[in-house]
Each structure stands twice: as C-alpha cells, then as structure tokens.
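Working notes, structure below.
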Amino acid sequence: ACGGDDNEGASNGEGGGEGSDFKVAMVTDTGGVDDKSFNQSAWEGLTKFGEDNSLTENEGFKYLQSSKQADYQPNLQQLARDNFNLIYGIGFLMGEDIKKVAEQFPDNNFAIVDMVVDAPNVASITFKEQEGSFLVGVVAGLTTTTDKVGFIGGVESDLIKKFENGYKAGVMAVNPDATIDVKYAEDFNSAEKGTAIASGMYGAGSDIIYHAAGGTGVGVFTEAKNRSKNGEDVWVIGVDRDQYEEGLPENVTLTSMVKRVDTATYEVSKLAMEDKFPAGEIVEFSLKDDGVGIAETSDENVSADVLAKVEEYRTQLIDGDITAPATDAEFEEFMKTVK
Amino acid sequence: MSFLEVLYIVVPVALAYATPLIIAALGGIFSERSGVVNIALEGIMVIGAATGIITTLTLTSMGLGGLSPWISLLVAMVVGALFSLFLAVPAILWRADQTVLGVAINMLAIGLAIFVVRVLYNKGQTDFIEYRIAKENVPILSDIPVLRMFFINVQYTSFIAIILAFVVWFVIFKTPFGLRLRSVGEHPMAADTMGINVTKMRFMGVMLSGAFGGLAGAVYAVTVTTNFSGTTIVGQGFLAIAAMIFGKWNPLGALGAGLFFGFAQALSIIGSNLPVISNVPQVLLLIAPYALTILALAGVVGRADAPKSVGIPYIKGKR
Amino acid sequence: MEYVIEMLNIRKEFGTFVANDNITLQLRKGEIHALLGENGAGKSTLMNVLFGLYQPEGGEIRVRGEKVNIENPNIANELGIGMVHQHFMLVEKFTVTENIILGSEPKSGLTVDRATARKKVMDISEQYGLRIDPDAKIEDISVGMQQRVEILKTLYRGAEILIFDEPTAVLTPQEIQELIQIMKRLIEEGKSIVLITHKLKEIMQVADRCTVIRRGRYIGTIDIDETVNEDRLAEMMVGREVNFDAEYSKADPQQVVLDVQKLVVKDSRGLEAVDGLDLQIRSGEILGIAGIDGNGQTELIEAISGLKKPESGKILLNGKDVTGFTPRKVTESGVGHIPQDRHKHGLVLDYTIRDNMVLQTYYKEPFSKRGLMNYKAVAEKAKALIEKFDVRTPSVDVPARALSGGNQQKAIIAREVDRSPDLLIAAQPTRGLDVGAIEFIHEQLIKEREKGRAVLLISFELEEILHVADRIAVLYEGKIVGIRDPKQTTEQELGFLMAGGKRGEETV
Amino acid sequence: MNKLNFNRLLIPLLSILMGLLVGAIVMLIGGYDPIRGFSSLFDGMVGSPYAIGETLRAAAPLIFSGLAVAFAFRTGLFNIGVEGQVLIGWVAAVYVGINFDLPMFIHLPLALLAAMFAAAAWAFVPGFLKAKFHVHEVITSIMMNYIALYTTNAILRSVIGVTNERTESINDSASLASPWLQEMTQFSRLHWGVLVAVLAAIVYYYILQRTTLGYELRAVGFNKHASQYAGMSVNRNIILSFVISGMFAGLAGAMEGLGTFNGMTLSASFTGVGFDGIAVALLGANTAVGVVLAAILFAGLNIGGLAMQLGANIPSELVKVIIAAIVIFVASGYAFNYVIDKFKGNRKKGVEKK
Ligand SMILES: Nc1ncnc2c1ncn2[C@@H]1O[C@H](COP(=O)(O)OP(=O)(O)OP(=O)(O)O)[C@@H](O)[C@H]1O
Ligand SMILES: Nc1ncnc2c1ncn2[C@@H]1O[C@H](COP(=O)(O)OP(=O)(O)OP(=O)(O)O)[C@@H](O)[C@H]1O
Ligand SMILES: [Mg+2]
Ligand SMILES: [Mg+2]
C-alpha cells in the first residue's frame, strides 16, 4: 500500500515530540515480544516509531504481553481504556478479540496483523508471504545438490499454507525435478520436534529446509548446525526476520524470507498520527513495497547466479507475470503452468 | 529406504530424545526411593534449563567458549539441588502433602525462571547461546558398520545419561548408601531404629533428585533449544515421572523406559519418512508414544510397586 | 548391686496425656526383668524412651552407672541397648541379611560386602542357636522367623541389653518355648533382658524380677520366687483381685449354619493357602479355630466373606450355596464379620462413629431413600448402638480415629451384632485389648451363641480359644487337622497339632 | 472442634498473606515498586466492575477444574488428567455449538451435556485401567493429557473443519455469553457460566454429603479395604469417581468454549486450567465453598496480573510465584500449627494425630 519511504535511514526526528500526545500500543500473542519473530519485529517497528517521534516507552508507546489466549481481550481493553489512540493486535488469533473490543471502543483505532477484520475502526494488515516464500523457493531449487528440499511448518493453517505453497512453487519453477518434503510439527514452540523432524529430513536426503515454525524452527537450526559441524552440507532458510545470526557460528542460514512487520507497524502508526489512519481498510504488504522479500544477507551464502535469477522472478512477481500461489488449489493451478 | 538406513535416522533421534528423560527419571528415582513423591521434576527441569542457558551465556561472555555449556551443566546440578529444597523442606520437615507441593513448585519454577530472565535481560526469553553441546560423530566408533547407528550424530550427553543409569543402579542396589536410602523409602521407622537418620536420607534423596533434574533441564536446553523461554520445558518432567514409574523405580528400568519413549517419539516424528507408516494419519503417529505407554503398562508391565512409604511424611513415634 | 540400666523417675507426655508418670526401672546385669502392665499402661512408651525413640520430659537414665542422654537409637546402639519391637521393624522387600546389617554394613570398596555380611550373620545365628535363612526375603518368612531376625539385628550390633516388647504374642507354644531357650542362652552369654509380656505364666517361668506399672505409674518391683504367684502379679497389675475363670453356660448346638466343603483358596502368591478344608458350624455354638498365623486363616475368612473367590469347593450357608458371592451378597445372606485388623478393615477411621455404624447397611431403608442419605436415621441408629454397647465416645460425631482401641472394637462389635447375622466371624476380636475389654467381648460372643447364632472365632491365643470356644478346630497348612473339646485338651496337645505334629509324635 | 475450624480458616488466610509477602519481596529484589504493584494488582482484581467481571469470568473454569480435582481427591484418587479432560469437553461443546441449530433451552444444555459426557468418557480410561489392571492413575492421566491434546487438534481439523487455527463461532443459541452481563461490567466477558459453576459446586456438595453414592465414594476414598469388607465395589467406585470428576472437568472446557471464547483454537500446548485446578482444590481444602473461593482468588490474581503489567510494568509471571507460594504455605499447614501452638505457649512435644 504505502511503499517509498523506507524506514531504514530516517532517524531525523520528523514528528517532533513536544505537544504530541499520540499514544500507540500493541498486544503480543503468547509468543511474547522477544520471540525473534513477528512479535519482536512489530515491536521494533513501534519502538522506532516511538523514538523517531520522541515518545517515551510505556507512556507513548507500549506493549502488553499475553501469557494465554484468554489474556488477549483484557489486554486490548485495558489499553483502550487507557486511551491509546492506536492499538495493534499481533497475530491472527486475536481477530475475534479485536473485533469485539473495536465495537466496544469506537473512538480508538485498532490494527490487526495477518488477518482481515471487518470493522470501521480497524485496519487489517496482511502480507503476501507466498511471494517472499516463492523467492526463497527459487533459491532452494537452484542451490540444492540432492534435488530434495524440505519445508517444516508450525501448525497447519491457511496462513502457514501461504508460506508452504509459495515456497513449493518457487522450487518447482526453477527445478521441476526436485522433490519437496513437507511436514508440520503441530507446534510452534517445540525445538525438540524441530530437531527431530529436521534430522529425519536431512537424514532422508534433503539438504535445504525452509521453516515457518517459530520456536520449533530453532530446533531446525540446531540440527543443521550440528550436521554442518560434522561436515554435512546442509542449509536452513529462515523466516519472518533475517535469521542469518541464528545460523552462526556454523553459518547454515542460506537465506531468509523476511516479512516486514516492523515496516507495517511503523507505517500504519505514522498514518494514524497524521490522521490518515486506513480505518476499515486492508493494508497489504507485498514484494512490491518491500513488505516481504529475501534477506539482505543472502549474498553471504547464495551464489550470484542464483541471486540474479531471484531478481528475475522478483520482477516477474511484481509485474504480475507470475502469481505466487497461496492455497493448495492455487498451487495445483500453478503446477499446470510449469509443465 | 533400507531398514538400516531407517535405523541410522531413527536411533540418533531416539537417543537425543531419551537423554533428558532418562536423567530426570533417575532423579525421580532418588527422591521416590527415599520416600518423597517428586511431581516437581518438571519445575526442577525448568530451573535447570534456565540455569544452563544463563550460565552458558555468562561464561561465554567471560570468554570460556566451548567449555561454557559443560560447566553450565554442573552449575545447573547445584542450582537444581538447591531449588529442590522448596520440596525437601516442607515435605520432610513440615509434613506437607508432597504431590501438592510438587504442583506448586512447578508453578513457582516457571514464574521464577521467567521473572529472573526478565530482570537479567529485560526480556521474556534469553538470547541463543553461541556454544552448545553439539551432535557429533564419535571418532572411530562411527565407522563401525551397523553399530555406528549409535555413534553418529549423537551428543556425548546421551552417553553420559546411559552411564549415569548404570551408576545410579550401582549406587542404589550395591552401596550402603543405596540400602539405607531404600530402607527409608520402604519403612522409615525401621531405618530410624537402626540408627539411620531418616530426615537426612530424605534430604539427600530429594536434593540428588534436584541435581539430576537440574542436569536434565540443562542438557535439554544446551543441546536442543539453545535458549530459554517459558516454553522450553513443557511436559518433559511429567514424561520423566512416567518413565520412572514405567521402569518400576529401577534405574535400568528407567533407562529402558526412556529409550522406549525416545523410539516411540522418533518413530512418530519421522515416521512419515518410512515406507511402512507413511500412510498412517499423522494424529495416530503423534499419540502413538503415549498410547503405547498406556498399553505397555496395562498389558506387559502390570502393577508397579512403588516404594512402600513414598508420599507419607515420616513422623517419629507415630504408630 | 550392679545395675546395667537405671531409669529413674521417667516422665513422658503425649500432649496433655501422661503416658509415663515418674516410673523407675532398674535392670541388673544378667537378669531377665519382666515389665508388666495393662494395655496402654505405658510399657512400650517407657522402652521407647530407653531406646531413644522418645525424649522423656523428666527423669534420668543411667547406663552402667553413668548418666546418659539417649537422643536417638544410634546412641542406644552405641550403649549396647537393642530392642525387639512389638510391631516388627523390618523392611519386607529386603533379605534377612540386609535387614540385619542395615545401618552398619560391612563394606568392600564402595559396595556392601555381602559375603562378609552373610558370614557374620550366620556366625551369630549359630552362636545363639537362631537358625535362619540369610537370603530369604522378610515377606516370605514366618512371624517366628521374623522375630529371630529382630533379635539378630540387636546381637549383630553387639547389644548387651535387650528389650523384648511382647515377643510371645504372635508365637505358637512351641515357638514360645524356643524363644525362652534363646533368652536363657543370651543370659548365659552375659546379656541382660527386659521382657514385656501379658502372659503371667511366662513371667513365672523365666523372669528373675518383675516391675509393674499401671496407667503410667510405677507400682513396684518384686522378685519372682516361691512367694509370688500369678494371682499376685495380676492383682498388682490391675489394682484389684481378678477372676480369670469366669464360667460360661453350656452350648446347645442346633442345625448346621455354615458348611464348608473341600475348600481350596489361593493366597496372593498363588499358593494354596486353604487346601481342601472341611468345616461345619452349628447354630448355638462357638467354633474356635486354633492355628499359627499363616496357615490359611486369612484366606478362609476371605473366602467365606466373599472377598476372595475360592479355587474349588463349596461354602453353604443355611444350606444355600454362597460360594463366590460378592461380599455384599454374603453379608445380605446373614454373615457378620469382626475383622482381624480393625483399623484397616473394620472402620473408616476418618468417618464419624455415626457413619461407621452403617458401613454395610447405608444403602438400605431407612438410612437411604431414593439415593439420598437420611443422616438423621443414621444418627439415631448410632446413638442407640453406642448406648447399648457402652461405646465410650464424646459423641457420635467424632471421627472413629479418636476412640481408643477398645472402644473402636466395641463399636465394630455393636455394628456386626446388631445386624443379627446367622454366622458371626470373629477374627482375633481381642487382640491388643485390656482385660476389661476382653471380658466384655467374650461376653458378647457368648450372648450371640445363646441367641442361637453360629460363631466362628479365630484366634492365635490358645488361652482365649480354650476359654470361649465350644469346639476347637486346629488349622494346619490349610486343613483342619483335628477337632478337640476344650474341656478335654491341653495347650500342649493343641500346640503339637498346630505345629503339624500328630499326637504321640515328638516335635522339636 | 472449634479450634479445628478456626485453624482451617486461619491457615489459608495466613498463607495468602505470606504468599503476598513473598510476592512483595520478589518485587523488591526485581527492582519494582511493591506498593504500586499491589495497588494495580488489586485494582485489576476487583477495582472496577470490569475487573470483577473478568475475575468472575476467569473463575468459572477454575471452579470446575478445581471441583474435578477435589472430587477425585475426596475419593482417594489423583486426577492429574483434568487438563486433557478440559480439552475434550471444550471440543465437544464447541462441536455441538457449531453443528446444531436448536432453540436455546435445548441447545445450550445439549452442548453442556456433550462436554460432560465426552470428558467423562475420557476420564473413564484411567479409572478403568486403575480398577482393572492396577495401572497407576497418575501416568495414565498424564499420557491421556497428551493424547487429548493431539486428538482435539485432529478433531478440530477433520471433524469441525478448522482451516485457520480457529473454529467459527458457535451459534448464539449455545452460548453462555450475555450482553447484559457484559454491559454491566464495562464489557468484560462475564457470562452465565459463573452461575453454572456455583450450581455445580452445590451439586458437588450434594453428591458427596447427601447422596448414598457420596457416602460410598468417600468411604472408598478414605479406606478402600474397609469399604471392600463392607461390601462396596471398590473398582466400580474408582471408575465412577473418575467419570464424575471428568464431568466437572468437561464443564470447565465448556466454560471456555461456550462462554469465554465461543469457539476453540488449535492448541499446541495445554490450557493450564486443569493444572491450576489442583492448586484450587488444595487451597479450597476439597470443599465446595473452599473451591469456589480459591478459584475466585486465583482467577483474580491472574487477571490482576495483567493490570500489574500495565500499571506497574511488573511482569505477570510474578502472579505465578505468588500463587505457588500460597499453595506451598497451605500445604505446610503443620508448620503453621506448630508455630501457632508454640506461640500460644502450650508447647507440647510429640503431640501426634495419626
Ligand atoms: N505417639 C503417641 N501419641 C499419643 N499417645 C500415645 C502415643 N504412643 C502411645 N500413646 C498412649 O500412651 C499410652 C501408653 O501406650 P503404650 O504403647 O506405652 O502402652 P503399652 O503399655 O505398651 O500397651 P500395650 O500392652 O497395648 O502394648 C496409651 O494410652 C497410648 O494410647
Ligand atoms: N498416635 C496417636 N496420636 C494421638 N493420640 C493417640 C495416638 N494413638 C493413640 N492415641 C490416643 O490414645 C488413647 C489410647 O489409644 P490406644 O489405641 O492405645 O488404646 P488402647 O490402650 O488400645 O485402648 P483400650 O485401653 O481402650 O483398650 C486414645 O484416646 C487415642 O485417641
Ligand atoms: Mg494399646
Ligand atoms: Mg506396648
């Protein structure tokens, strides 16, 4: 929706703190604000926004942590009652709750990430994860030496399916001979299962695994690092943030599919402060506006040839020459175009 | 995939899975053999995991490098033993209900661990450790055909767990200490009249259990999760208790039960790579380890005889 | 005079209750010193003080003239004091050897030196003539053997002073004689013994002196010589003259109530504990079963009362086949049961007296209507029974736990008798009770008989059986090996039979 | 007896105070302001109609899980499987709530019954295995918890057709939610479940203390040997006890499914409702009134913990520490008695009640 202004370089305090009584807050899901994933990313966006506008933490910008599902609604309500102008719900599990609370507090603005909520004072922030996943799929398809790659999902759902299908399409687009091993851990928080599943996949011949499994993905990294240390040639593709560091010291992160939740929270907050809040609208971030993409550190481990190819597909995706599939059905459709 | 290739995948996963279970179950045995029920293993593991990670992070920043996780295991044992005093003191000195204490301690552990992490790092979970205890191919042994399945892609902690099982077995069944420990769990008054200090023995039982529980948690953390958060330990302590009962309070039994769980779990997780079970619905694979345990208990293993006085506070002179 | 032990003015309190009030006991070297008193007089308490299990509130203890402070059994052991407890202190899952060496194990390196341990145990057992199997598990050996293990435990620790707390209560006459020989041998070896027993005869037979206590108070110490007899001891103990030989009316047996035919019952280890047993009891008689514990008494009762399914054979009640009935159906067919272990089987200790009084009948009118309890009716019932049977309790609303043993037993008897069963099984109904309570219970059994009920009395006390029963059946290895008339038999004869001997045969 | 009753109240109250004291100490060590912490904690518990509404809302499932655990305890059993039974009850209630379209007076009871019976069936397994094969109920229950977790997810996917982690909302005719109650309490999620829970506590009392079944169940719980001698079927009672306990647990799940959430989410980990029930049962001394009060306290602390985060920036984990400390203190009642006795000066060594 709102490209252009990349938040990276802009620390030249444009908002000008004094007088601004704009307050913005977010409610994390049970993963917590340090989840090294999208909760953290969202908070980074808010922090940056706060700093840029000289807001103080806890007063001007704040997060509340939820330790269980039942906490979402009280947390949202507390913030609304505390007169925060804009309140984010991070994660689609908060959809119902946001909807209710938004009705109860029509004067506050709300935003939800990864979900569409139809209410006049709610902005819905979504991402085209399938596009970013497509690109890392291209990387995987071109880099694999065994023609076998894996995908590990957290809990099977429409959202994670977007990652899976985009990835599969990317792999198939460049390497139709490849086989793709897909597994769901049924858990976003079991590093143990992550190692075990990864061990099974690597053991059975996959050399690259793309994970969209939160904490379970940590186990995938651990397993890859262990194998790499023992001389095996295996890779992980990270998700949500640039997970290059998670791959160290053995350096097993091939690339990462980044999802700029920070950009989203930054931008939407900014719009809200400027009274341009996209109330009732869907704000979709895609490849085009750098809402999703592949990590900048990719050139560390991905060959230049492959990156060039990625660039090609990127252009095609942005131009709409190809469409990354999000659902199983769309993937079926897509496969017809490959053959 | 050939059968052997399957084993090369399954065995290392099973070993890795079983390792913390075995160690924690051994801890449970110490406590229960001395007559104190230890539902608190879960919480002790949480504390162990937190200690393991925090220590490793600290030592690494002090420049101890690859030694850090190993030293952290020792620290976790000490901290686990100390933490188990929350069980030992009320249970042994104040005659508190041991089961209930255990449940409370589990709650305390997670609350305390995260609170400490927040205070130390100002966030809800730690960073990842730089040096973990990695899986390795054991030199020489991993070249032996077939048998190499036990020596490829393993952590040395797995061998430590297996060795510990034999050591604990030796301690419990062969040494004077073990004889005394068991007598206290069976008939504390008899032990008392033989001049054995029941309170002291039970304290030792519980604190050893704390040390092992702490070690188990730390092993899990520095081998698998490599950071600490509220979801690092979720249920492993309870499974360890199940392994202990399954193994009939015998260290070698616990070893067997731990390996059994490990294999069941490994099969369930990587089963879909195996031709035979790739068509089984995933939910069946997921529940298989637990269902198998129940079946084994009902069918093969049968009644497990707990130490006779486990769970009963010892009151001097009570008739 | 040289005393090895002097307990002077000992006082021990439990809460507000004074169990030992200014008691003195002096033990000479090389003597057997009896300690006599009613149930609850404070004998065990006094000895537990000496053994360091309890700390006294007052008085002092001297060992070989030196004042000591026995804080725990370890110190007692070091002072050469050993105790054979009234309730055995043995770890059932351990072997004989393990039980004996526990706490002072011979070591080789890190391990228990089993060979040395075993040898030491064998040596001591030989020295004192206490034959045992060092490798047997406690749960597998007889009570008599277990007692030997207890004695060996003290000897192994080099005890010079031995305390025996009611060692004979659980033994057969033969085993009692063996124990007396053992004690004499111990004295010869220079040991000194305190012996607690309720059996005056035994005191007369072995003791040199006797200290009597009553309700926690010291009464006196006398030499056991020609000037003393059993009546004199009893009088000192109770504080009045006692009549040991209350005569009861004659029995008048009628039709057969219980008919047990070729009954076979397995015990928990799968052995045939009752092995082809035949037995008949008629209404209006008390049949006493004499036998050493473990010869099938428990299994016989369990089979009759429906707690265990017999392997084969038949149980007829008033001619009706009740074999394999559930306990409830057996109860409803007219069987009452005073179980041997009143705490475990007789009462729900955490229930009030009120609730305990309807333990079998709670589901019947008027106690229960349409699935709801009528606790008013239950309370009325309980009050009536308490009144009738003189159960001493502050109210019906206190937990059964709060009653003394004698009163708990009275409550059970009230409940069982009140249901007017055709057959009343009384298993060790007077175990651990004082003379007053015993007399009361015996009277109740006789009363039941007189009402035309059949009474099956199981007891390990020959005296009790001889005293109360109209016929005595001797149980040995799961079979009735003889039926005797109490008027025409002796303890000796019954003892032979109980030990598996035939009349005329000599037993060891 | 008077003294006994007094102590029964005194110890929990003292324990709560000591638990809060521990909380204060931990706050100080962590560098937080206890006064601000507690004032926002209490404010969040009961400081506004909203707080009260949320506290009561959160208490409803805890009352049920507490009753479930307590019921088993009272009959001599440890049902550590309440957690799994809650999940099963929850999914059953939601299934009925979504898939039927009935008038409310049929639909809602039907959904509640479904929760009860599904969970009862789940609880039957450990009861049966204990009665029949003497398998330790604690392990079977723990195993059944995991099985419940995965089975629930599978049911949500394949039977209820969840594709995006959460079910659709249940039909209003099966919902316990009440706009009226919500409005009264400044939009808390207070629903009628609290009333159902209090009703259940009365039923609990009634079953145990008034019915013949209760007489029997308690007898077996206190002394199974004596009960067997008296003709009761111990095995039947073990199973029955587990089944009834499971029914309470199932209703705890229904509270979440029909009251708080009006649906269900795929869950990767346990809800905690069952484990908290153990603490609730203990603090409530396994009595109906006690369980209700303890559940309200725990619920309040949990809800207040959220406010503590907002008002004093104190992590809500602290509440866990406080609850745990309270439970440990209650369990250590003997030490209190000892101290109280000493305090009163009537020091009597070795007074033992068996
Ligand atoms: N631990 C205790 N707490 C409270 N009271 C006790 C305790 N031990 C014993 N008593 C009481 O002290 C009294 C003396 O008990 P003790 O066991 O010494 O009697 P005893 O003379 O050995 O009787 P018996 O012949 O039945 O063995 C009894 O009334 C008993 O109930
Ligand atoms: N462990 C104990 N703690 C507290 N009180 C006890 C204990 N054991 C027994 N008592 C009390 O001591 C008293 C005597 O109990 P005990 O069982 O020794 O009776 P008893 O001597 O066998 O009975 P009786 O003399 O009436 O036949 C009872 O009031 C009982 O409540
Ligand atoms: Mg007595
Ligand atoms: Mg005694």
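Here is how names work: the chains are called A, B, and so on, in the same order as the sequence lines, proteins then strands, and each is numbered from 1. Just so it is clear, the values below take in all heavy atoms, side chains as well, and ignore hydrogens, waters and symmetry mates. This one's a predicted model, so the numbers in the text were calculated from it and none came from an experiment.
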d(A:N75 CG, D:L306 CG) to nearest 0.5 Å is 5.0 Å
The interface call for D:A307 against chain A, heavy-atom contacts under 4.5 Å, is both
Looking only at heavy atoms, the pair that brings D:Q309 and A:Y63 closest together is OE1-O, 4.5 Å
The reported gap from OH in A:Y184 to CG in D:N153 (rounded to nearest 0.5 angstrom) is 14.5 Å
Rounded to the nearest 0.5 Å, the OH atom of D:Y50 sits from the CZ atom of A:R81 at a distance of 5.5 Å
*More than 12 heavy atoms of other groups within 6.0 Å of D:K320 NZ*: no
field: Worked check of side chain to side chain donor-acceptor pair (under 3.5 Å) between A:E186 and D:Y150
entry: CA-CA 8 Å; A:E186 288 306 308; D:Y150 296 118; over 6 Å; no
When the 4.5 angstrom heavy-atom criterion is applied to D:E54 and chain A, the contacting part is side chain
Next on the checklist: Determine whether D:T265 and A:Q69 satisfy the following criterion, side chain to side chain donor-acceptor pair (under 3.5 Å), listing intermediate values before the conclusion.
Outcome noted: CA-CA 9 Å; D:T265 310; A:Q69 206 191 335; 2.7 Å; yes
Nearest heavy-atom contact between D:R189 and A:P74 is NH2-CD, 2.8 Å
When the 4.5 angstrom heavy-atom criterion is applied to A:K161 and chain D, the contacting part is neither
Could you check whether any side-chain heavy atom of A:K68 comes within less than 4.5 Å of a side-chain heavy atom of D:N302, counting everything from C-beta outward?
yes
Judged by atom type as modelled, is there a donor-acceptor pair below 3.5 Å linking the side chain of D:R166 to the main-chain atoms of A:G95? no
Under 4.5 Å to a heavy atom of chain D? For A:E96 that would be side chain
Whatever's closer than 4.5 Å to a heavy atom in chain A on D:Q186 counts as both
Next on the checklist: Please determine whether the number of non-hydrogen atoms from other residues, nucleotides or ligands lying under 6.0 Å from atom CG of D:D33 exceeds 12.
Outcome noted: yes
Do A:Q65 and D:P315 have side-chain heavy atoms sitting under 4.5 Å apart?
no
Checklist entry - Crowded around D:L28 CG? As in, over 12 foreign heavy atoms under 6.0 Å? => result yes
As a quick check of understanding, evaluate side chain to side chain contact (heavy atoms under 4.5 Å, CB included) for A:K62 and D:N313, giving each step before the final call.
CA-CA 10 Å; A:K62 175 167 187 72; D:N313 300 316; 2.8 Å; yes
Applying a strict 4.5 Å limit to non-hydrogen atoms, the region of A:L93 in contact with chain D is side chain
Does D:Y95, at its OH atom, have more than 12 non-hydrogen atoms belonging to other residues, nucleotides or ligands within less than 6.0 Å? no
Turns out that what part of D:F261 lies under 4.5 Å from chain A's heavy atoms comes down to side chain
Original post:
Do the side chain of A:Q77 and the main chain of D:S188 share a donor and acceptor less than 3.5 angstrom apart?
Top reply: no
